[in-house]
Amino acid sequence: MKARTVRWVVAGTALVASVVAMSPVIGAESQDAKVQKARRTLISIPTLDQMTKLPGDLGPLPPVPIPASNPQTPAKIELGKMLFFDPRLSANDHWACATCHSPSFGYSDGLPRSLGFGDEKELNRHSPTVINVAYNSAQFWDGRAATMEDQATGPIVASREMNSNPQQMIGEITDIPYYNEKFKEVFGGPPSMKNVGMAIAAFERTIVTGETRFDRYEKGDKKALTDQEKRGLIMFISKAACTQCHNGPNFTDSSFHTLGVPQEGPAKEDVGRFAVTKDQKDTGAFKVPTLRNIAMTAPYMHTGVFNTLDEVVEFYNQGGGPHPNKSPKILKLNLTESEKKDLVAFLKSLTGDLPEVIPPQLPPRS
């Protein structure tokens with residue numbers, strides 16, 4: 001049986017799509033011309049199997065980057081894990097980091113939008129996964145935290161999240177003999193907000209996607225993906241032009257884009273990245289998330305508006321939603337029903353094993 005031929009993006013092993021993915025955006029018309037040019041080229045599954053390099057630098061993850069200011073140690077990771085699951089870091093002993101970033105829900109919470117401190121009313125945004133945040137160049141949907149250490153402490157003091165008074169919380173942690181001893185062991189001194197953030201960040205750097213079937217395929221095992229998943233990969237790097245933003249080993253360029261995602265939840269409007277940069281071009285822009293383990297982290301988008309990957313693909317297929325500041329990279333894709341199914345099948349091949357994390361038994365207050 002002959003392999004099915006798909007008519008989009010490649011000339012031999014040099015993909016036009018790689019140029020599309022990495023080129024700067026000049027304007028909507030120019031971007032559209034690049035995408036349409038890429039779609040006119042031919043690729044088949046045998047050609048894909050022969051490629052030694054995929055466009056957009058797609059490939060296995062490199063080692064986790066560790067900052068020199070916060071080196072990993074087993075004791076620090078274990079302390080960070082304990083703090084990650086401890087609700088006593090919140091003002092009412094009810095909310096832990098793991099409340100909104102649970103291993104059971106792909107290190108999110110399975111809700112469209114997280115619940116707020118105290119009244120448990122919906123917040124404005126979906127809780128982003130912690131998986132692979134170690135590779136992010138900025139944290140949160142709007143990129144307001146530059147480091148994982150800042151990200152770790154931000155929700156602890158945020159009034160609508162864990163709502164802790166830093167001094168009071170650190171005092172309570174210090175009064176727990178186990179924590180007092182562990183902080184001295186790991187950091188050489190008593191608990192502090194800085195060291196809480198460093199410990200939690202160290203733990204979060206261990207929450208990394210293991211080898212996926214896509215990784216095995218890219219390394220040379222051409223049977224690791226089914227023909228449908230390979231057709232989906234061809235869609236990903238060609239007609240669907242996903243590598244424009246979802247490129248690199250972590251399947252994200254860590255940029256921010258306005259897609260016209262439907263606004264749901266309590267907020268009438270969410271300006272996104274603009275709140276951080278005050279640059280009008282960032283109005284409504286949100287971070288491009290990793291696609292690794294994406295099948296585990298529903299619902300999707302910063303508003304949690306889509307329940308399935310099929311809905312997400314259809315949203316992109318329609319060219320996103322209406323927004324005066326929509327990214328020129330977001331165009332109608334005109335995918336067929338079978339092409340959309342192929343693309344979703346490929347996305348599911350990006351699931352890898354995660355480290356087994358069992359919630360710890362928390363230390364008593366005395």
Which atom names give the shortest non-hydrogen contact between Met301 and Leu259, and what distance separates them?
-> CE-CD1, 4.4 Å
Hydrophobic cluster membership, Phe187 vs Leu89, 4.5 Å side-chain cutoff = yes
Phe214 and Phe236 aromatic centres sub-6.0 Å = no
For Pro364 and Pro177, work out which heavy atoms get closest and say how close.
-> O-CD, 4.2 Å
Does the separation of the ring centres of Tyr217 and Phe346 fall below 6.0 angstrom?
-> no
Candidate pair Asn325 and Gln280, rule side-chain contact (heavy atoms from CB on, under 4.5 Å), full reasoning = CA-CA 9 Å; Asn325 197 40; Gln280 289 295 335; over 6 Å; no
Pairwise side-chain contact, Val208 with Pro355, heavy-atom cut-off 4.5 Å (strictly under) | no
Asp353 CG: over 12 foreign heavy atoms closer than 6.0 Å = no
Interatomic distance, CG@Asp270 vs CZ@Phe286, rounded to 0.5 Å, equals 3.5 Å
State the CG-CZ distance between Leu350 and Arg292, to the nearest 0.5 angstrom.
-> 6.5 Å
Same cluster for Ile66 and Ile207 if Ile/Leu/Val/Met/Phe/Trp/Tyr side chains link at under 4.5 Å?
-> no
Does the side chain of Phe251 reach to within under 4.5 Å of the side chain of Leu58, using non-hydrogen atoms?
-> yes
Give the minimum heavy-atom separation between Asp227 and Ile45, together with the two atoms involved.
-> O-CD1, 3.8 Å
Identify the two heavy atoms, one from Ile77 and one from Ala202, that lie closest to each other, and give their separation to 0.1 Å.
-> CG1-O, 3.9 Å
Where is the tightest heavy-atom contact between Ile330 and Thr258, given as atom of each residue plus distance?
-> CG1-O, 4.4 Å
So how far is it from Asn334 CG to Gln318 CD, rounded to the nearest 0.5 Å?
-> 8.5 Å
Any side-chain heavy-atom pair from Lys182 and Glu78 closer than 4.5 angstrom?
-> no
NE2/His246 to CG/Leu291 distance, rounded to the nearest 0.5 angstrom?
-> 4.5 Å
Rounding to 0.5 Å, atoms NE2 (His126) and NE2 (His302) come to a distance of 11.5 Å
Got a sec: does the NZ of Lys222 have more than 12 other heavy atoms crowding it under 6.0 Å?
-> yes
Going by heavy atoms in the side chains, are Gln72 and Thr206 under 4.5 Å from each other?
-> yes
Where do Glu204 and Tyr107 land on the side-chain contact (heavy atoms from CB on, under 4.5 Å) test, with the steps shown first?
-> CA-CA 10 Å; Glu204 290 180 340; Tyr107 287 90; over 6 Å; no
Atom pair CG/CG of Leu309 and Leu343 - distance to nearest 0.5 Å | 9.0 Å
Let me know which of Lys76, Arg205, Lys194 forms a salt bridge (charged side-chain N to carboxylate O under 4.0 Å, His left out) with Glu149.
-> Arg205
Nearest heavy-atom neighbours spanning Arg216 and Ala224 | CB-CB, 3.8 Å
How are the rings of His101 and Phe84 set relative to one another: parallel (under 30°), tilted (30 to 60°) or perpendicular (over 60°)?
-> tilted
Find out whether Gln168 and Glu172 are in side-chain contact, i.e. whether some heavy atom of one side chain is under 4.5 Å from a heavy atom of the other.
-> yes
Arg88 side chain reached by Leu362 side chain, heavy atoms, under 4.5 Å = yes
Does the side chain of Asp109 pick up a donor-acceptor pair with the side chain of Ser127 at under 3.5 Å?
-> no
Please report the C-alpha distance between Asp57 and Lys53 in whole Å, then the side-chain angles of each, then the deciding distance to 0.1 Å, and finally whether the salt bridge (Lys or Arg N to Asp or Glu O under 4.0 Å) criterion is met.
-> CA-CA 7 Å; Asp57 292 325; Lys53 184 176 176 61; 2.8 Å; yes
Please state whether the rings of Phe306 and Phe315 are parallel, tilted or perpendicular, taking 30° and 60° as the class boundaries.
-> tilted
Glu120 vs Trp95, side-chain contact (heavy atoms from CB on, under 4.5 Å): CA-CA, chis, key distance, verdict | CA-CA 11 Å; Glu120 299 195 13; Trp95 301 93; 3.8 Å; yes
With the side chain counted from C-beta on, respond yes when Leu54 and Thr243 share a heavy-atom pair under 4.5 Å apart, and no when they do not.
-> no
Indicate whether any N or O donor in one side chain lies under 3.5 Å from an N or O acceptor in the other, for Thr252 and Asn250.
-> no
Might you work through the side-chain contact (heavy atoms from CB on, under 4.5 Å) test for Gln151 and Val133, ending with a clear yes or no?
-> CA-CA 10 Å; Gln151 176 274 325; Val133 292; 5.5 Å; no
